[in-house]
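Chain identifiers are assigned alphabetically (A, B, ...) following the order of the sequence lines, protein sequences preceding nucleic acid strands; residue numbering begins at 1 within each chain. Since this is a predicted model, take the numbers as computed values, not measurements. The figures here come from the full heavy-atom set of this structure, side chains too, leaving out hydrogens, waters and symmetry mates.
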There are 2 protein chains.
Amino acid sequence: MIENDIFRALADPTRRAIFEKLAAGGMNASALREGMEISQPAMSQHLSVLRSAKLVREERQGRFVNYEVDPDGLALIAQWLAKYRAYWPARIEALKVLLKDMDQ
Amino acid sequence: MIENDIFRALADPTRRAIFEKLAAGGMNASALREGMEISQPAMSQHLSVLRSAKLVREERQGRFVNYEVDPDGLALIAQWLAKYRAYWPARIEALKVLLKDMDQ
DNA sequence: CCAACACATAAGCACACACTTATGCGATTC
DNA sequence: GAATCGCATAAGTGTGTGCTTATGTGTTGG
């Protein structure tokens with residue numbers, strides 16, 4: 001189940017940090033490691049988890065592998081969250097209803 | 001960190017099922033167990049995790065404890081998700097920008 | 001080509017997690 | 001007021017997770 005992979009992937013603070021870093025702009029695994037105090041295999045493993053959760057996607061570039069945020073994963077979270085729209089704070093709720101209407 | 005608690009709480013499929021059940025309407029722990037094949041202590045522990053993640057809140061009623069969805073947790077997820085608004089699919093993105101504008 | 005590089009994978013280990021059984025603790029009911 | 005009910009907590013156990021070191025694989029530059 002992909003939904004399970006997503007939440008499990010985000011359950012780790014290091015992986016959320018990696019994801020956040022990638023959200024600021026795609027980069028390769030080595031660049032991601034800079035200023036993060038994480039070993040190369042650990043980074044590779046984290047990226048593998050994020051990849052199978054569709055939170056991140058790779059693009060081979062020569063001997064580098066460029067990573068970037070995959071919108072698919074985020075969309076699935078948004079979809080999950082939308083199921084509980086009724087419980088969001090009232091102000092947000094009103095806007096969401098409007099949003100839904102405009103979305104047809 | 002509460003953000004960590006939230007994702008870790010949702011990483012377990014049983015807890016997501018409990019949360020989903022509560023989203024359909026508040027109920028006590030025993031009612032939650034019905035049709036779920038889960039022991040009483042396990043349910044109690046799961047509810048404890050969901051509670052400290054602010055995904056669920058309790059309200060004592062006599063010797064029962066009524067549980068219901070806590071909007072705080074959902075709002076925090078929405079907030080987290082909003083940080084990556086730029087990566088949502090274009091159609092959703094346009095609507096989100098509109099939403100943001102209307103939210104001032 | 002072959003050495004260095006960027007990254008992935010394998011195997012092992014310490015710790016966290018979700019479960020179990022057993023027990024505790026208020027509240028209710030008879 | 002004692003038994004029962006609804007739920008929480010304690011303690012122990014098997015499994016999963018994230019790290020490590022070691023090694024493999026594909027690519028590039030001298």
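Atom CG of L50(A) and atom C1' of dC7(C) are 16 Å apart (whole Å). Rounded to an integer number of Å, the gap from CG of L47(B) to C1' of dT9(D) is 14 Å. In this structure, I18(A) atom CD1 and dC7(C) atom P are separated by 13 Å, rounded to whole Å. Rounded to whole Å, the distance from CD on E58(B) to P on dA27(C) is 13 Å. Whole-Å rounding puts the F64(B) CZ to dA8(D) P distance at 13 Å. Distance D12(A) CG to dA16(C) P: 13 Å, rounded to the nearest Å. For the pair M43(B) CE and dT9(D) C1', the computed distance is 17 Å after rounding to whole Å. Atom pair R60(B):CZ and dT28(C):C1' shows a separation of 12 Å (rounding to whole Å applied).
Under the 4.5 Å side-chain criterion, counting only non-hydrogen atoms from C-beta, I77(B) is in contact with L10(B).
Neither L74(A) nor V49(A) shares a network with the other; the hydrophobic side chains, linked directly or stepwise wherever heavy atoms of I, L, V, M, F, W or Y lie under 4.5 Å apart, form separate groups for each. In the hydrophobic clustering of this structure, F64(B) does not group with M27(B); members are Ile, Leu, Val, Met, Phe, Trp, Tyr whose side-chain heavy atoms approach within less than 4.5 Å, directly or through other members. Hydrophobic cluster membership is shared by W80(A) and I18(B), with clusters built from Ile, Leu, Val, Met, Phe, Trp and Tyr side chains linked at under 4.5 angstrom.
Across all strands shown, R33(B) has no heavy atoms under 4.0 Å from either base or sugar-phosphate atoms. Using a 4.0 Å heavy-atom criterion, one finds that S48(A) contacts no nucleic acid atom at all.
Listed in residue order, the members of residues 24-31 of chain B having a heavy atom less than 4.0 Å from DNA chain D are N28(B), A29(B), S30(B).
Across dA6(C), dT20(C), dC5(D), the shortest atom-to-atom separation from the side chain of R63(A) is found for dA6(C). Candidate nucleotides dC7(D), dC19(D), dA8(C) were compared by shortest atom distance to the side chain of H46(A), and dC19(D) ranks first.
More than 12 heavy atoms of other residues, nucleotides or ligands lie within 6.0 Å of NZ in K21(B), so this atom counts as buried by the packing criterion.
No hydrogens or angles were tested; on distance alone, a donor-acceptor pair under 3.5 Å links the side chain of Q40(B) to the base of dA8(D). Residue-to-nucleotide contacts include no donor-acceptor pair under 3.5 Å from the side chain of Q45(B) to the base of dA8(D).
Of the side-chain N and O atoms in R51(A), one or more sit less than 4.0 angstrom from OP1 or OP2 of dA8(C). Dashed line: the shortest gap from a side-chain N or O of S39(A) to OP1 or OP2 of dT20(D) is under 4.0 Å. The phosphate of dA6(C) (OP1 or OP2) has no side-chain N or O of Y67(A) nearer than 4.0 angstrom.
Pairing each heavy atom of V56(B) with each of Y67(B), the nearest pair is CG1-CD2, 3.4 Å.
In this structure, Y84(B) and F19(A) have perpendicular ring planes: the angle between them is above 60°, well past the 30° mark.
In terms of modelled atom types and a separation under 3.5 Å, the side chain of R57(B) and the main chain of E68(B) share no donor-acceptor contact.
For V65(B) and E37(A), each mapped to the nucleotide of DNA chain D holding its nearest heavy atom, the one lying further toward the 5' end belongs to V65(B).
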